[in-house]
Amino acid sequence: MKRRTLVKASVAAVVAASMQISTAWAENPVLKIGFVGVTSGPAAAWGISNQRSMEARAAWLNEIGGYTIGGTTYDIEIVSFDDQKDPKRAIAGMEKMAQEGIHYVVGPNVDDGAAAVRPVAEANGIMYFPYAFPKELYTAPASNAILGMVANYQSGPAIYKYLMEEKGVKTAAFIAANESDPLSQRDGGVAAATALGIEVVSDSVTYQVDTTDFTPVLTPIMRTRPDLLVLSGVSPANAPQLIRSARELGFQGVISTETAQDASVLREGAGDLANGFISVGGASTPELASDAMREFVERYTTMFGEYNDESNTKVYALEYILETLKANPAALTDVDAFQTTMDTFEAPNPYMVGDAKLRYVGMSSFGQKRQVSVPLVVNVYQDGAFETLFVAQVD
Amino acid sequence: MEQILANGVYLGAQYAMIALGLTLIFALMNVLNFAHGQMYVLGGFVTYTFYGQMGWPFVVALAMSCITLAILGALVERFLFAPVIKRSTRDESTMLLAAAIAFFLDAVVLLVFGEKQRGVPKIVDGVFNYDFRLIMPYDRILICGLAILSIVTFILFMQYSKTGRALRALAQDRTAAQLMGVNVDRYSMVGFALGAMLAGLVGGLLVTITGVNLGMGGPTSIKAFMMVMIGGAGVISGAIAGGVILGFMEAIGLAVLSQYGDITYLLIFVSLMIFLAIRPQGLMGKPWG
């Protein structure tokens, strides 16, 4: 009997405690923001840095009492879905977001996923922020996709021009993984390089995305002896191995990419062989990072044990969503209002020093404002850290 | 040509080592261990932790990978596969269990080691360069040598040790081995531990060349299955042959077909389909299993 009483009391205590927890959670209404992207498999680093950036920022906002939009303070909840880099799963993820009544989603991370979810997003009133570069996603009549970073056709020409002028680059070879994103980035890069007058000596060599040893893959390219080796659309997992193999095969020219990389991954995977490697970075270089950016990095590191340099860029999408909603609370449930607001939206950029602004850009590339404005930072890796080569803006 | 041959030997040696553990487990227990790639990844991360992070000697770190994976393999067999095999005669039960273990290990690796690509300092510096006709970094030559040495040691162990003979008996006929006094339960566990240990060993060896990341497990398992299917499922010599064949096909394809884009694996898969249609049991397997 006593035992039964004890069990009953325990159950009652658990129920009471969980009700208290529910009450505590229910103090603010919840604003759900979605993430559909790749968090497993070889490209997991891309999506995980997205998801963790969002979760770290949401936890920060919730800790300081929530985020106020139109006089109501919300707790931010991140709803995540791993699309495994599979377009079919990306569609399922976007449908799940629609079922949960979510209107703002970050992702997907790759071209085919971003293209696949477009009908679902447009039919269900969802604005989404892909990290994919096809212009059709952002050019009218497409309306609901907003590019979350700088595209390779925006950064590539700037990098090649710099290398021609500063390093005397005259010939280039391109290598890409045999997937839609890297291949399209390679084609864009080849076109940009050719337009600038660089002779492309090799552009047909590709590799399986799960390749782990690149020496056999790179051997034919090395015979063409280019001044510049471009790793088109290379993932952070593959970059150090490609650099290491190229250097070990005797390549002494410049190696570059238009994707974001991680300094610690390069240091561990390629060591000093990665010195001089040029890539596109985010906004937390010492010259640009604000106190808020430094606090974000600290919180992210505390929460997940280790920071990811890619999050320098990926922290922005959630900020843009929330700031735009704050500018026009009607957009909470009406993405047409969001789109209207985008044309004139401007807010202080919390992650950069000076009077930098959050605003939507993309008129030159897409004919409409369908891209977040993040600084185009071109880095060079040197002795374990990135150094800023130059900074530019996309209009 | 010299470069293609060297790349083929190097790739073949590492692929053969990956396939060995998988085929051993299949031979002993008729289990398709879908988690073999994840065990390889875990072995890489253990070496990364002890050698790359804590600065222990590479050999000690490699031994830690072997021990960790052997213990994991023994536990997995004792508490997961053995009970399932006893209670269910359906092959898909163990296949589902293996897939579940693969997902579980992926999640553990993500939680413990994170999502990033990891690498360790080179164990040997320098590059062998023969007139730009044959270029091979010394660490690859060393790892290739160690892989071949490990394979030879494994074959000798299976051939001449008491445990090896018991494992071979178990693989040939489980019931007959039991009637001859072989402790089937014990040697099943030992065999599974040995297979997992081989995955850990190759993971630890290759982390010095390729690094390691969360996503390498699945593709590694697929390649290992290809090698096993080429050589004949459950046949040790077949796994070695399958690894060497795949390594040479890859090396030759990448060198000769590079100007046509990434069609090497397309041709490898087409060849595999045709080959299996003609000889479904693989090179050295028997049609009756």
Heavy-atom nearest pair, B:R140 first then A:D213, reads NH2-OD1, 2.8 Å
Indicate yes or no: at least one non-hydrogen side-chain atom of B:K116 is less than 4.5 angstrom from one of A:S264.
yes
Any side-chain heavy atom of B:L254 within less than 4.5 Å of one from A:V205?
no
Okay, B:V127 and chain A: the region with an atom under 4.5 Å from a heavy atom over there is side chain
Please lay out, stage by stage, how B:L110 and A:I48 fare under the test side-chain contact (heavy atoms from CB on, under 4.5 Å).
CA-CA 10 Å; B:L110 175 61; A:I48 289 174; 3.5 Å; yes
Does a side-chain heavy-atom distance below 4.5 Å link A:P240 with B:Q117?
yes
Do any of residues 8-17 of chain B come closer than 4.5 Å to chain A, heavy atom to heavy atom, and if so which ones, in number order?
B:Y10, B:L11, B:Q14
Determine, stepwise, if the pair B:K122 / A:E248 fulfils side-chain contact (heavy atoms from CB on, under 4.5 Å).
CA-CA 12 Å; B:K122 286 165 76 77; A:E248 286 174 345; 2.3 Å; yes
Check whether B:N7 gets within reach of chain A through its side chain, its backbone, both or neither, counting any heavy atom under 4.5 Å.
side chain
Contact winner vs chain A - B:P137, B:G211, B:P121, B:G114, heavy-atom pairs under 4.5 Å:
B:P137
Which atoms of B:D139 come close to chain A, meaning under 4.5 Å heavy atom to heavy atom: side chain ones, backbone ones, both, or neither?
side chain
Among residues two or more places apart or on two chains, list those pairs meeting side-chain hydrogen bond (donor to acceptor under 3.5 Å, both in side chains) that have a residue in residues 48-59 of chain B.
A:E268-B:Y48, B:Y48-B:Q53
